[in-house]
Structure formats: structure tokens, C-alpha cells
2 protein chains.
Amino acid sequence: MTVPPQAEIDARTKGPGRPRDPEADRAILRATIELLGEEGYEGLSIEGVAARAGVGKTTVYRRWPSKEPLVVDAIKHYKSPVDPAPPREEESTRDALVRVLSHFIRAMGPSESGRMMAGLVAEMSRNVELARAVRTGIVEHRRSFVFAILERGIELGEIRRDVDVEVVADMLAGPIVMRVLLTGGAVTPRLVRNVVDTMLDGIAFRS
Amino acid sequence: MTVPPQAEIDARTKGPGRPRDPEADRAILRATIELLGEEGYEGLSIEGVAARAGVGKTTVYRRWPSKEPLVVDAIKHYKSPVDPAPPREEESTRDALVRVLSHFIRAMGPSESGRMMAGLVAEMSRNVELARAVRTGIVEHRRSFVFAILERGIELGEIRRDVDVEVVADMLAGPIVMRVLLTGGAVTPRLVRNVVDTMLDGIAFRS
DNA sequence: GGGTTGCGATTCTTGGGCGTATCGTATACT
DNA sequence: AGTATACGATACGCCCAAGAATCGCAACCC
């Protein structure tokens with residue numbers, strides 16, 4: 001899924017005059033993501049974005065009319081550096097879950113999207129457009145990897161057929177999100193293994 | 001645990017002059033909580049708090065020097081309307097978990113602390129004092145009820161001894177928090193039962 | 001009753017971001 | 001060459017909140 005920037009849609013690529021610098025688009029979107037993590041949505045200013053991107057305010061306003069469309073666009077273009085690999089043929093469901101969640105904790109690290117997500121949460125409860133962009137562009141994308149592994153596990157007979165994959169996915173990601181956003185607790189590979197094993201085996205005592 | 005307001009600590013309750021109106025303290029703290037949910041931490045203004053509380057700006061500044069101590073104090077005094085009842089003698093661990101999590105989804109509703117928590121998340125990643133107040137005053141308080149039930153379940157032999165109660169508590173609350181803060185999905189009693197049963201039984205297929 | 005402090009309301013200065021306009025320069029099309 | 005648009009930089013008026021100061025009145029102590 002490749003989304004052309006609103007800027008490119010609006011920009012007349014034909015006709016006279018100096019063409020827009022595509023490098024400016026990239027620098028602005030990158031600066032927006034960075035500052036979202038550092039300042040949050042409310043604290044984000046167009047002036048700050050322009051300064052961080054090394055461009056003039058004019059260059060920002062020529063492309064985006066205000067903060068909201070800019071942030072929505074930045075989120076649409078945001079990609080984790082790498083997606084987790086699909087499960088290998090011989091890989092067990094447990095190992096695949098550990099692997100994809102380990103990938104997730106790196107992606108949610110403070111230098112990655114963790115701080116950015118925190119900066120967006122407050123505004124998401126007010127701003128429907130923004131919330132939709134985050135959900136479809138980031139949250140659903142990441143949950144889809146867990147869905148795939150769980151459904152494959154059901155096919156393989158390693159996972160019960162009656163489980164609700166959405167709920168299980170949230171139970172797997174929940175402790176990581178809780179720690180990153182709320183408790184500030186440690187997010188380690190050990191936590192991931194613990195979560196996966198607890199999820200597979202349950203907590204009920206069996207005699 | 002009762003925390004006297006910073007205002008009361010500072011206020012000279014003895015000596016000459018008109019005493020401070022304790023109703024003003026309560027109105028200010030309540031307005032702060034309300035506006036945190038509506039505007040978020042960044043959007044919260046002292047002027048807005050004074051207006052909502054029906055007091056003058058002077059009355060706020062006489063008690064708190066700035067926004068951060070005010071919000072920290074408001075959180076320290078924030079109490080959910082009611083805490084969940086402790087587990088009854090004959091109650092199963094499953095029923096107790098369903099009951100306490102059902103209580104939790106009400107407490108995290110939009111008219112309760114759900115929006116307030118969303119409004120705080122961004123600032124918590126920057127503001128250590130605020131983060132500590134939220135964690136010790138709200139998050140830990142609520143987790144403690146789940147801890148108690150899990151540890152009781154271990155005593156009763158209904159829960160395995162080797163589980164990590166912190167991780168399990170986050171796995172139980174995770175789907176609720178994820179939906180409230182990120183996905184906006186439905187938070188229903190059915191979800192709670194689903195989460196608890198999935199947690200107890202696990203998802204691994206057993207022949 | 002005099003001294004002291006709290007009250008709501010209002011005024012004032014300061015600071016910063018918004019969004020527009022304008023500059024001289026750069027780079028494209030025709 | 002001529003025209004049109006983009007560029008970074010800057011200046012501008014506007015608005016809003018911070019935080020201090022002041023006012024007349026209220027409530028408490030001695």
C-alpha cells in the first residue's frame with residue numbers, strides 16, 4: 001500500500017515554474033514524526049516542523065493547510081523500518097509469536113514509534129480523522145502479523161479453533177503497550193517469552 | 001491513604017485573616033480532572049480551570065504555582081467513585097476476575113477516567129513527577145485488586161503457582177486499555193468474560 | 001474595631017504560535 | 001528570453017494563555 005502525499009496530489013507536476021522539491025516533503029514528514037514523539041500532538045507547531053526540517057514555513061504551508069492534515073499524512077507515510085518476516089515453514093506457533101512480539105517491542109521503543117504513539121493518544125480521543133489514520137495505518141498493520149500467526153496456528157492444530165484472535169492479539173500486545181504507555185515498566189525479551197507461554201498454557205491449575 | 005492537598009499544607013490554618021474556602025479547593029481539583037479528559041494535559045489552562053470551577057485565577061494561583069503541581073495534586077486526590085468489593089468467600093477466581101474487570105471497564109469509560117488517562121499519556125512520557133503520580137495513585141491502585149484475586153486463586157489451588165501475576169494482570173487489562181486508548185473498539189461485559197476465560201484456559205490445543 | 005488574609009473580577013505585560021504577505025533568488029516550461 | 005512557480009527568510013497582525021498586580025468586598029483573629 002503506497003500512499004502518495006497529499007502534497008503530490010495537489011502539486012501540478014506539469015506546467016511552468018520551478019517544481020517542488022520532493023526532498024522537502026520527506027524532510028517535513030520526518031520532522032513531523034520526530035516532533036510528535038518529543039512534543040506530542042498539542043505541542044507540535046508548524047514553526048517547529050519547518051525549523052527541524054530545515055525549510056521555511058512557506059514550504060510547509062504550500063503543501064498542508066494546517067496541523068491536522070500534516071500529521072495525518074505523516075502517519076500514512078510512517079513505516080516501521082522493517083516488518084517482521086512471515087512465519088517459516090517449520091517454525092512453531094510459539095516461536096513465531098515470540099519472534100513477532102520481539103519485533104514489536106523494538107518498534108515500540110522510545111527511539112521508535114513508542115513515544116510517537118504516546119503523543120497521539122490524547123488527540124485520538126478527540127480527532128476522528130487522526131484516530132482513523134493511526135488505527136488503519138499503524139495499529140491494524142501490526143495486529144495483522146499476529147492474526148496471521150494465530151490463524152496459521154489454528155490450521156496447524158496448535159491453537160484451539162474457538163479462540164477469538166482479536167482478543168488474543170490484544171492480550172499478547174497489551175502488556176507491552178501498558179508498560180510503554182502507562183507503567184514505564186521494563187520491556188524485555190524475557191517479558192515476551194513469559195507472555196507467549198502464559199497465553200498458550202493459560203493460568204488455571206490442572207491436576 | 002489520604003493525601004492532604006498541597007494547598008492545605010501550605011495554608012496557614014491558624015492566624016489572622018479570612019481562612020481559605022475548602023470548597024474552592026475541591027471545585028478546582030474537580031475541574032482539573034474534568035478538563036484533563038476534555039482538553040488533555042497540554043490543552044489544560046489555568047484560566048480554563050478557574051472558569052470551570054467558578055473561581056478567580058487568583059484563587060488558583062494562591063494554591064498552586066503552576067499547572068504541573070495542580071495536576072499532580074488532582075491525580076493524588078482522584079478516586080474512582082467506588083472500589084470493587086473484595087472477593088467473597090465462596091466466589092471462584094473466575095467470577096472474581098470477571099467482577100473486578102467489569103468494574104474496571106466502567107471506571108475506564110469515557111465519562112470516567114478513560115478520557116482523563118488518554119489526556120495524560122503523552123505528558124507522562126516527558127514528565128517524571130506526573131508519571132509517578134499517575135502510576136502510584138491510579139494504575140497501581142487498580143492493579144492491586146487483580147493481584148489480590150490472583151494470589152488468592154493461587155492459595156485456593158485454582159491458579160498455577162508459577163505464573164507471574166504482574167504479567168497476567170497486564171494481559172487481563174491490556175485488551176481493555178488497548179481498546180480505550182488505541183483502537184476505540186467496543187468494551188463490553190462479553191469482552192471481559194472472553195478475556196478471563198481465555199486467560200484461564202490458554203489457547204494451546206490439547207488433544 | 002483594627003489588622004490580616006481570602007475572595008472574584010479585571011487589567012496589564014510578555015511570550016509564542018498561527019497564517020499571510022513579501023523579499024530576492026533559483027529552477028523549471030514554452 | 002520571458003513567464004511562472006518554488007525556495008528560505010523574514011515581518012506582520014492576530015489571538016490566547018501565563019502570571020503579576022490591583023480593586024472593593026468578605027470573613028476571620030485579637
Side-chain angles (χ1 to χ4, degrees), chain A residues 5-32 34-36 38-73 119 122-123 127, chain B residues 5-32 35-36 38-72 119 122-123 127:
Chain A
Q6 192 64 34
E8 289 183 13
I9 295 175
D10 290 351
R12 355 178 352 189
T13 44
K14 289 288 293 181
R18 174 175 173 174
R20 290 187 182 170
D21 183 357
E23 184 54 40
D25 292 65
R26 283 188 287 270
I28 292 168
L29 293 173
R30 183 166 5 104
T32 302
E34 290 177 13
L35 289 172
L36 268 181
E38 297 171 26
E39 315 285 350
Y41 183 90
E42 280 274 349
L44 184 80
S45 71
I46 301 285
E47 310 222 359
V49 169
R52 173 71 60 100
V55 305
K57 284 172 61 177
T58 322
T59 304
V60 181
Y61 278 110
R62 191 175 292 117
R63 291 163 165 77
W64 292 278
S66 63
K67 180 157 69 172
E68 184 193 305
L70 168 61
V71 172
V72 168
D73 246 25
E123 191 64 16
N127 189 322
Chain B
Q6 193 64 34
E8 288 183 12
I9 295 175
D10 290 349
R12 352 180 353 188
T13 44
K14 289 289 295 181
R18 174 176 174 174
R20 291 187 183 170
D21 183 357
E23 184 53 41
D25 292 66
R26 282 188 288 270
I28 292 167
L29 293 174
R30 184 167 2 104
T32 302
L35 289 172
L36 268 182
E38 298 173 24
E39 316 284 351
Y41 183 89
E42 280 275 350
L44 185 81
S45 72
I46 302 285
E47 309 222 352
V49 169
R52 174 70 61 101
V55 305
K57 284 170 62 178
T58 322
T59 304
V60 181
Y61 278 110
R62 191 176 290 116
R63 291 163 165 77
W64 292 276
S66 63
K67 180 158 70 172
E68 184 194 306
L70 169 60
V71 172
V72 168
E123 192 63 16
N127 189 323

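A, B, ... follow the sequence lines: proteins, then strands. Residue 1 opens every chain.
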Check your understanding: With sequence neighbours left out, what residues match A:Glu39 under salt bridge (Lys or Arg N to Asp or Glu O under 4.0 Å)?
Key -> none
Side-chain atoms of residues 40-51 of chain A: list all donor-acceptor pairs with protein atoms under 3.5 Å, sequence neighbours left out, distances to 0.1 Å.
| residue | atom | partner | partner atom | Å |
| --- | --- | --- | --- | --- |
| A:Ser45 | OG | A:Gly48 | N | 2.9 |
| A:Glu47 | OE2 | A:Lys57 | NZ | 3.1 |

Point to revise | Heavy-atom donor-acceptor pair, A:Thr59 side chain to A:Val55 backbone, under 3.5 Å | key: no
Below 3.5 Å between N/O atoms, which protein atoms pair up with nucleotides 16-18 of chain D? Just atom names and distances, please.
| residue | atom | partner | partner atom | Å |
| --- | --- | --- | --- | --- |
| D:dA18 | OP1 | B:Ile46 | N | 3.0 |
| D:dA18 | OP2 | B:Ile46 | N | 3.4 |
| D:dA18 | OP2 | B:Glu47 | N | 3.3 |

Review point. Could you state the interatomic distance from CG (A:Leu70) to CG (A:Leu29), rounded to the nearest 0.5 Å?
Key: 6.5 Å
Study note, to complete from the structure: Once base and sugar-phosphate atoms are separated, protein heavy atoms under 4.0 Å mark nucleotides 25-30 of chain C, 5' to 3', with B, S and - as -BBBS-
Exercise for review: Report the distance from atom CZ of B:Arg63 to atom P of D:dG19, rounded to the nearest whole Å.
Suggested key: 17 Å
Check your understanding: Looking at D:dA6, C:dC7, C:dG19, which one has an atom nearest to any side-chain atom of B:Arg62?
Key -> C:dC7
**Study point:** A:Glu68 CD to C:dG19 C1', straight-line distance once rounded to whole Å
**Key:** 17 Å
Exercise for review: Tell me, with the steps shown, if A:Trp64 and A:Ile28 meet side chain to side chain contact (heavy atoms under 4.5 Å, CB included).
Suggested key: CA-CA 10 Å; A:Trp64 292 278; A:Ile28 292 168; 3.6 Å; yes
Exercise for review: Write down the distance between CH2 (B:Trp64) and C1' (D:dG19), rounded to a whole number of angstrom.
Suggested key: 17 Å
Study note, to complete from the structure: Rounded to whole Å, CZ of B:Arg20 lies from C1' of D:dA26 at a distance of 16 Å
**Study point:** Nearest listed nucleotide, side chain of A:Val55, among C:dC7, C:dG8, D:dG8
**Key:** D:dG8
Point to revise | Basic-acidic side-chain contact under 4.0 Å: B:Asp25, B:Arg63 | key: yes
Revision key, fill the gap. Heavy-atom nearest pair, B:Gly119 first then A:Ala122, reads CA-CB, 3.9 Å
Review point. Which atom pair, heavy atoms only, marks the closest approach of B:Ala53 to B:Ala27?
Key: CB-O, 3.5 Å
Review point. What about A:Thr59, does its side chain sit under 3.5 Å from the base of D:dA6 through a donor-acceptor pair?
Key: no
Review point. CZ/A:Arg30 to CZ/A:Arg52 distance, rounded to the nearest 0.5 angstrom?
Key: 10.5 Å
Exercise for review: Mind calculating the distance between CD1 (A:Ile28) and P (D:dA6) to the nearest angstrom?
Suggested key: 13 Å
Revision key, fill the gap. Students should find that the end-to-end axis angle of the helix from C:dG1-D:dC30 to C:dT30-D:dA1, with five pairs defining each axis and rounding to 10 degrees, is 20°
Exercise for review: Return the set of residues passing salt bridge (Lys or Arg N to Asp or Glu O under 4.0 Å) with B:Glu68 (not counting sequence neighbours), or none when no residue passes.
Suggested key: none
